[in-house]
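Only one structure is covered here, and it is reproduced in the block below.
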Amino acid sequence: MAKQISDLKLGILGGGQLGRMLIQEGINYNLTTLVLDPDTDAPCKHLANYFECGSITDFDTVYNFGKKADIITIEIEKVNIEALEQLEKEGKQVFPQSRVIRLIQDKGIQKQFFKENNIPTAPFQLVNTRDDIRSSSFAFPYILKQRKDGYDGKGVMKISSAADIEQSFDAPCLIEEMIDFEKEVAVIVCRNPNGDMKTFPMVEMEFNPEANLVEFLISPSTYPESLQNKAEVIAKNIASSLNITGLLAVEMFVTRDGELLVNELAPRPHNSGHQTIEGNYVSQFNQHLRAIFNLPLGDTRSISNAVMINLLGEKNHNGVAKYQGLEKIMAIDGVYVHLYGKKYTKPFRKMGHITVVDQNRDSAIQKANYVKNTLKVIS
């Protein structure tokens with residue numbers, strides 16, 4: 001008889017909020033979880049069956065940690081790929097596969113993959129130095145992205161003039177045409193080793209312009225069904241081309257003329273899927289576990305309209321976190337609070353999220369606006 005999920009040990013590289021929510025789902029399956037994270041107070045620390053404080057980018061640390069697990073997954077892409085490749089050679093299952101993480105770690109390789117596989121994306125150019133940027137023929141303004149280690153708005157710059165180039169990254173980068181887009185949307189697709197695939201309904205994102213982080217996420221989208229179907233087809237094509245096992249978040253722009261352009265990929269649970277915990281029949285975290293343990297994929301349909309609000313640390317607040325207005329928002333029907341167990345707050349740090357579910361979309365948005373204006377993370 002094949003081993004059951006409760007007989008296997010899941011190793012998670014990264015102990016942040018994504019790992020925490022994955023463990024919360026895994027508890028329902030009696031899953032044994034092992035976590036590696038460099039932070040002694042990582043959000044996963046008290047939930048994991050085994051927690052190790054150590055570097056997720058160091059070969060020996062990742063390799064030795066991985067040997068303790070049956071299946072290894074990630075909650076952040078910045079991990080030591082060589083260690084994962086070695087573990088795969090020795091028979092360990094790594095999902096997403098190390099070759100997928102390697103491709104997604106480098107935004108340049110990711111863009112070339114889009115081009116080679118006819119996936120619609122903004123025109124781009126790869127550069128290695130500031131001199132390369134100076135000699136680029138791209139018209140201002142354009143977007144400059146570091147090829148590696150950028151996340152949550154870090155490693156991204158708008159270049160509006162030659163003067164901006166002098167302050168730009170002097171490292172391997174990607175120059176991208178600035179797209180005049182109407183909205184950023186996302187589709188999360190999940191694929192198991194059998195090749196079964198399911199997509200979650202497309203969601204719409206509203207950004208905090210100052211932090212360049214998703215502040216508001218609305219599910220499901222109200223774009224025409226034809227556009228939503230097109231987005232789901234693009235996401236499935238990418239997952240098939242990558243031959244990935246696990247979740248893949250596909251972020252896209254909807255252009256002014258109604259076209260879809262793929263912006264970036266994340267091969268793991270993603271901020272654009274948090275609302276699935278209460279808003280869908282299966283959550284993204286449950287679906288990821290189903291995929292990596294090669295179980296039947298769940299029903300991704302929306303149960304209700306859902307709006308997710310990222311709970312960010314307030315500006316000018318550094319220190320032990322206090323949650324102002326929590327009782328007020330909890331008095332509202334359909335409001336679900338998720339705090340990430342982070343002791344200290346700092347400006348724009350992700351401290352939690354709130355999901356508002358309501359059968360009426362306008363009512364859900366109205367409540368979400370109230371939550372956004374009422375609940376504050378201060379020190």
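The chain is numbered in sequence order, starting from 1. The structure displayed is predicted, hence computed values, not measured ones.
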How long is the gap from [atom1] on [X] to [atom2] on [Y], to the nearest 0.5 Å?
| X | Y | atom1 | atom2 | answer |
| --- | --- | --- | --- | --- |
| R290 | L295 | CZ | CG | 7.5 Å |
| E314 | Q324 | CD | CD | 8.0 Å |
| L144 | R130 | CG | CZ | 10.0 Å |
| Q284 | R268 | CD | CZ | 9.5 Å |

So if you build clusters from Ile, Leu, Val, Met, Phe, Trp, Tyr with side-chain heavy-atom gaps below 4.5 Å, do [X] and [Y] land together?
| X | Y | answer |
| --- | --- | --- |
| L289 | V100 | no |
| F200 | I234 | no |
| L297 | I292 | no |
| I12 | F51 | yes |
| Y223 | M205 | no |

Nearest heavy atoms of [X] and [Y], plus distance in Å:
| X | Y | result |
| --- | --- | --- |
| G15 | D37 | N-OD2, 2.7 Å |
| I238 | F113 | CG2-CE2, 4.0 Å |
| L217 | S272 | CD1-CA, 3.2 Å |
| L248 | L242 | CD2-CD1, 4.1 Å |
| E176 | F138 | C-CE2, 3.9 Å |
| T345 | V377 | OG1-CG1, 3.6 Å |

Judged by atom type as modelled, is there a donor-acceptor pair below 3.5 Å linking the side chain of [X] to the main-chain atoms of [Y]?
| X | Y | result |
| --- | --- | --- |
| N310 | L312 | no |
| N263 | F253 | no |
| K78 | T57 | no |
| K111 | A122 | yes |
| N49 | L34 | no |
| D106 | G108 | yes |
| E75 | L18 | yes |
| S135 | D132 | yes |
| N192 | N294 | no |
| D358 | N360 | yes |

Q. Step by step, would you call T199 with K236 a side-chain hydrogen bond (donor to acceptor under 3.5 Å, both in side chains)?
A. CA-CA 8 Å; T199 53; K236 283 181 171 176; 4.9 Å; no
Is there side-chain contact between [X] and [Y], with heavy atoms separated by less than 4.5 Å?
| X | Y | value |
| --- | --- | --- |
| M252 | M202 | no |
| Q93 | D70 | no |
| D39 | C53 | no |
| S219 | M308 | no |
| T255 | I179 | yes |
| N316 | P347 | no |

Q: Would you check, one step at a time, whether the test salt bridge (charged side-chain N to carboxylate O under 4.0 Å, His left out) holds for R99 with E88?
A: CA-CA 10 Å; R99 55 176 179 74; E88 282 175 323; over 6 Å; no
Take a 6.0 Å sphere around [atom1] of [X] and say whether it holds more than 12 heavy atoms from other residues, nucleotides or ligands.
| X | atom1 | answer |
| --- | --- | --- |
| D333 | CG | no |
| F59 | CZ | yes |
| K376 | NZ | yes |
| E166 | CD | yes |

Any side-chain donor near an acceptor of the partner, [X] and [Y], under 3.5 Å:
| X | Y | result |
| --- | --- | --- |
| S221 | E204 | yes |
| Q125 | Y142 | no |
| T129 | D131 | no |
| Q86 | E82 | no |
| S283 | E25 | yes |
| N286 | Y29 | yes |

Q: Output, in order, the C-alpha distance, side-chain angles, deciding distance and verdict of side-chain hydrogen bond (donor to acceptor under 3.5 Å, both in side chains) for D58 and T61.
A: CA-CA 5 Å; D58 176 71; T61 308; 2.6 Å; yes
Q.
Quick one, I159 with S168, criterion side-chain contact (heavy atoms from CB on, under 4.5 Å). Give me CA distance, side-chain angles, the key distance, then yes/no.
A. CA-CA 8 Å; I159 305 292; S168 68; 4.1 Å; yes
**Q.** Pair H288 and F95, ring centroids less than 6.0 Å apart
**A.**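 That pair fails the under 6.0 Å test.
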Basic-acidic side-chain contact under 4.0 Å: [X], [Y]:
| X | Y | value |
| --- | --- | --- |
| E206 | K183 | yes |
| E77 | K148 | no |
| E52 | K68 | yes |
| K198 | E232 | no |

**Q.** Sole candidate of V79, N80, I244 that passes side-chain contact (heavy atoms from CB on, under 4.5 Å) when paired with I101
**A.**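 Of V79, N80, I244, side-chain contact (heavy atoms from CB on, under 4.5 Å) with I101 is met by V79 alone.
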Q.
List the residues meeting side chain to side chain contact (heavy atoms under 4.5 Å, CB included) with A69, not counting sequence neighbours, and say none if there are none.
A.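 In terms of side chain to side chain contact (heavy atoms under 4.5 Å, CB included), with neighbours along the sequence ignored, A69 is linked to I72.
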(Q) Under the criterion side-chain contact (heavy atoms from CB on, under 4.5 Å), I'd like the reasoning laid out for L10 against F293: C-alpha separation, chi angles, the key distance, then a yes or no. (A) CA-CA 10 Å; L10 177 66; F293 286 96; 4.2 Å; yes
Q: Return the orientation label for the H274 and F285 ring planes: parallel under 30°, perpendicular over 60°, tilted otherwise.
A: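 Aromatic pair H274/F285 classed parallel.
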Q) Are L261 and F181 close enough, and set up right, to give a side-chain contact (heavy atoms from CB on, under 4.5 Å), and what steps lead you there? A) CA-CA 9 Å; L261 295 175; F181 64 90; over 6 Å; no
Q: Would you sort out whether E90 and Y63 count as a side-chain contact (heavy atoms from CB on, under 4.5 Å), showing the intermediate values?
A: CA-CA 11 Å; E90 293 175 16; Y63 175 71; 2.8 Å; yes
Q.
Would H338 and E278 count as a side-chain hydrogen bond (donor to acceptor under 3.5 Å, both in side chains) here? Give the steps.
A. CA-CA 11 Å; H338 296 262; E278 288 88 18; 2.8 Å; yes
